[in-house]
Visitor: 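I'd like to ask you about the structure that follows.
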There are 2 protein chains.
Amino acid sequence: MKTTIEDVAKEAQVSITTVSRVLNNNYPVKESTRKKVEKAIAKLNFTPNSLARGLIRKRTYTVGVIVPSMTNLFFPEVVKGIEDCMGQNEYTLFLCDTKSEPEYERRHVGRLKERQVDGIVVIGPMSENIRSGFFEALTKEVPLVLVNGYHRGVRCNFILTDEEMGTLEALAYLQALGHRNIAFLRGEQIYSYDVKEEIFTRIMKQSNIPVMQENILVIPEGNSVETVDMSRDMVIRRLEKENPPTAIFCCNDWMATGAINAAKHLGVRVPEDFSIIGFDNIVISQLSEPKLTTIDQTMFKLGQGAAELLLEVIEGKKGEGSLKKVILETKLVKRNSCAVASRTV
Amino acid sequence: MKTTIEDVAKEAQVSITTVSRVLNNNYPVKESTRKKVEKAIAKLNFTPNSLARGLIRKRTYTVGVIVPSMTNLFFPEVVKGIEDCMGQNEYTLFLCDTKSEPEYERRHVGRLKERQVDGIVVIGPMSENIRSGFFEALTKEVPLVLVNGYHRGVRCNFILTDEEMGTLEALAYLQALGHRNIAFLRGEQIYSYDVKEEIFTRIMKQSNIPVMQENILVIPEGNSVETVDMSRDMVIRRLEKENPPTAIFCCNDWMATGAINAAKHLGVRVPEDFSIIGFDNIVISQLSEPKLTTIDQTMFKLGQGAAELLLEVIEGKKGEGSLKKVILETKLVKRNSCAVASRTV
DNA sequence: CCTTTTATAGAAAAGGTTTTCTATTTTAAA
DNA sequence: TTTAAAATAGAAAACCTTTTCTATAAAAGG
């Protein structure tokens, strides 16, 4: 049998109430009795049962974190940021992996609600669940923060990186190096890729560079090892065609890694003959030769920010009405994969 | 106010007991009443409170997972394996990151106990906490499984990969390719590196190859991006010295990636002039050119195995006495970083 | 038709805390 | 001293379920 507060009370010859008071330190108790109680606690190796606690306090010091995939490199960084902030506040994290299935996402939310979490942060929420109003409804039930899943008009708390700014920055950098014939590499279906592509075409137009359709490279999948080889092959094909680009903007670092491998395969020198810029700054960007120049998403900060935001929402249950939207800046990380354009179109 | 089972009972005009019964489906209830109750549940969007449930059932369907670092690439794979198995059994995971601090490891265990988890799996437990008897004592309190932290004589449940076998396999492969002058690259202080080094020297002796001290390469740290550059520099230095090795065994894939970069830097061809074999088969082993030949630790299976083991321990609370030890096989993954030795010593 | 089973439903206890309210003791004020 | 106030401690209700035990109604057996 587990030892309970009652056992401690008996051992210390006081009431349950008193034990609870020394435990929570929220009511005066005579020094001598406190000593007795503490001794009893130590002797019996007592740990309070947080189920009972949570039941009555209506606070579990527990939050749920929902991620599309644990093995994605991007997400663990964010989770670490969340855990860092939450851990300091005595919170423990429930971790839920959705395998990128909207169905699982909803199911996990259900389980978290059952478990009476004080809040939920959803990293990379599924568009489907945002658009259907699922999260908007959920916001009314439990403190909720959505990370990198902003949809305009949707009434949720959001935190996101300013991908627009990041893309702008990357493109400006490439142009400053004299590149005009720039390729764009993306995956399908993901919202953030849409944003980036839009910016890309806009910038090209503004610079009076005709957007060649063959410079928009699209691979089916975007966020795993397989992406590397798909990107590689895609880039090889482009580089072998007419009028090859002198630089490429990749929607993430997996793709950029593939691009590097492509160049290597063709004997094209990076960055002398071909500049490559990535996005995200996940750890693999430091593995390649040359190391990748990329746009830093500061995922750790994203996590921290999400945690802080969530904490605010949890505390300030009164000011229900006000939803928050936090936007994080990106940062250009110059490493060795970009250089001055070797030729001009 | 959250809706409770009582609200449902009122709405359906039945007793709490009956609602509980349709919820748990563990007692006959007339079809017509069941319908009524189900309708009420749906109407009120009722979710049972698992704190109250757990309190009385003494079962929370919750387990704790303790990892040294969330961002380590190795651990998320294991966690995924655990989540995969546990998720199917209606469990939810508490995730705890220890930042490789024994102190945090203990603290997290405390929090998990408070939260009445049904079990705990500790991935890469700190030696200090194993040796001090902390985990051995904990085993008597709560179902516990230690992953990759075997210490002989310690009475805990273990699951681990057979690193000995893996090392043997790697070395045999290198020798079969005709390599005799083989370097060994490791980090400091970690138990599994000790095991591998021991095997390495033993095999060398058995093959009548004098172990050259300059072929034992040791870098300070072992499991992060920094490792790559440290390894690179270390390997460059060795390759520039007298009598350079024709192959290298690296204790993990980070190190092996560094070795590849080193070779590239010196213009040494991999695998033609220099064979490199890694260990673990984490995702980065598929990023390099050439792709890394390595020893697969099947981390996902490690996680699944840990979960299954934990489930056994949780269920079979009666057979307390019997502790379990599971050993997983490794597998040689042949990719493109190893070839026949170009010269013999 | 009466008695015994069987099917179905409810009342109340239990689980381990926190918290409100009440009671006692001690101290301060008069 | 006596009385009022302050300090300290306990009893019991509350949190939301599950489960045991009891009660009723319907069906079956005689």
Side-chain angles (χ1 to χ4, degrees), chain A residues 1-38 40-41 44-62 90 111 113-118 141-142, chain B residues 1-38 40-41 44-62 90 110-118 141-142:
Chain A
M1 255 315 58
K2 276 233 168 93
T3 92
T4 76
I5 198 173
E6 199 180 345
D7 300 326
V8 176
K10 246 171 219 154
E11 173 74 26
Q13 314 229 50
V14 296
S15 76
I16 288 182
T17 314
T18 304
V19 178
S20 169
R21 278 169 186 155
V22 346
L23 240 31
N24 296 291
N25 198 28
N26 55 1
Y27 195 87
V29 31
K30 218 202 307 187
E31 197 48 33
S32 59
T33 32
R34 155 166 283 127
K35 281 271 155 56
K36 271 199 302 183
V37 173
E38 278 166 353
I41 290 176
L44 300 182
N45 187 25
F46 169 70
T47 317
N49 181 327
S50 68
L51 298 182
R53 273 193 164 169
L55 192 54
I56 190 159
R57 280 185 180 165
K58 299 187 167 313
R59 189 86 184 267
T60 55
Y61 286 92
T62 270
E90 300 293 305
R111 286 195 192 168
K113 284 203 296 187
E114 282 185 14
R115 284 167 171 75
Q116 312 298 119
V117 293
D118 293 343
E141 290 188 67
V142 51
Chain B
M1 251 325 51
K2 276 235 166 90
T3 94
T4 75
I5 198 173
E6 199 179 345
D7 301 325
V8 177
K10 247 172 219 151
E11 172 74 25
Q13 314 228 55
V14 297
S15 74
I16 288 182
T17 313
T18 305
V19 179
S20 168
R21 279 170 186 154
V22 347
L23 240 32
N24 296 290
N25 197 28
N26 55 3
Y27 195 87
V29 31
K30 221 206 300 190
E31 197 48 33
S32 60
T33 32
R34 153 165 285 126
K35 281 270 154 58
K36 273 200 299 182
V37 173
E38 277 165 355
I41 290 177
L44 300 182
N45 187 22
F46 168 70
T47 317
N49 181 326
S50 68
L51 298 183
R53 273 192 163 169
L55 193 54
I56 189 162
R57 281 183 175 165
K58 299 189 167 313
R59 190 85 183 269
T60 55
Y61 286 92
T62 270
E90 301 293 305
R111 285 195 193 169
L112 292 174
K113 285 203 296 187
E114 280 184 16
R115 284 166 172 75
Q116 313 300 118
V117 292
D118 293 342
E141 288 187 68
V142 51

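What's counted below: heavy atoms across the whole structure, side chains too, no hydrogens, waters or symmetry copies.
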Visitor: Rounded to the Å, how far apart are A:Gln116 CD and D:dT17 C1'?
Guide: 11 Å
Visitor: Side chains of B:Thr17 and B:Ser20 only: does a donor on one sit below 3.5 Å from an acceptor on the other?
Guide: no
Visitor: May I have the distance from A:Ile5 (atom CD1) to C:dG15 (atom P), rounded to whole angstrom?
Guide: 15 Å
Visitor: State whether A:Asn26 places a side-chain N or O below 4.0 Å from either non-bridging phosphate oxygen (OP1 or OP2) of C:dT19.
Guide: yes
Visitor: Between residues 9-22 of chain A and DNA chain C, which residues have a heavy-atom gap below 4.0 Å?
Guide: A:Ile16, A:Thr17, A:Ser20, A:Arg21
Visitor: Reckon B:Lys2 has a side-chain N or O less than 4.0 Å from the OP1 or OP2 of D:dC15?
Guide: no
Visitor: Please name all residues satisfying side-chain hydrogen bond (donor to acceptor under 3.5 Å, both in side chains) with B:Arg34, sequence neighbours left out, ordered by chain then number.
Guide: B:Asn25
Visitor: Measure the distance from CD on B:Glu6 to C1' on C:dA12 and round it to the nearest whole Å.
Guide: 14 Å
Visitor: If I take atom CG in residue A:Asn49 and atom P in nucleotide C:dG15, what distance separates them, rounded to the nearest angstrom?
Guide: 12 Å
Visitor: Figure out the CG/P separation between A:Leu23 and C:dT19, and round it to whole Å.
Guide: 12 Å
Visitor: When you compare the protein's N or O atoms with those of nucleotides 5-8 of chain C, which come within less than 3.5 Å of each other, and at what distance?
Guide:
none

Visitor: Might you work through the side chain to side chain contact (heavy atoms under 4.5 Å, CB included) test for A:Thr3 and A:Asn45, ending with a clear yes or no?
Guide: CA-CA 8 Å; A:Thr3 92; A:Asn45 187 25; over 6 Å; no
Visitor: I need the minimum non-hydrogen distance between A:Asp7 and A:Lys2, along with the two atoms involved.
Guide: OD2-O, 3.9 Å
Visitor: Start at the 5' end of DNA chain C and walk down; is the nucleotide closest to B:Ile56 or to A:Thr47 reached first?
Guide: B:Ile56
Visitor: Give a yes/no on whether any side-chain N or O of A:Asn24 is located under 4.0 angstrom from OP1 or OP2 of C:dT18.
Guide: yes
Visitor: Round to a whole Å and report the spacing from CZ of A:Arg59 to C1' of D:dC15.
Guide: 17 Å
Visitor: Provide, to the nearest angstrom, the distance between the CG atom belonging to B:Leu51 and the P atom belonging to D:dT17.
Guide: 10 Å
Visitor: Between A:Thr60 (side chain only) and A:Gln116 (backbone N and O only), is there a donor and an acceptor less than 3.5 Å apart?
Guide: yes
Visitor: Is there a donor-acceptor contact under 3.5 Å from the side chain of B:Asp118 to the main chain of B:Arg59?
Guide: no
Visitor: Working to the nearest 0.5 angstrom, can you tell me the gap between B:Thr4 OG1 and B:Leu44 CG?
Guide: 9.5 Å
Visitor: Is B:Asn24 reaching over with its side chain to a backbone N or O of B:Asn26, donor-acceptor style, under 3.5 angstrom?
Guide: no
Visitor: Rounded to the nearest angstrom, tell me the gap between atom CG in A:Asn25 and atom P in D:dT8.
Guide: 13 Å
Visitor: If we ignore hydrogens and angles and just use 3.5 Å, is the side chain of A:Ser50 paired with the main-chain N or O of A:Arg53 as donor and acceptor?
Guide: no
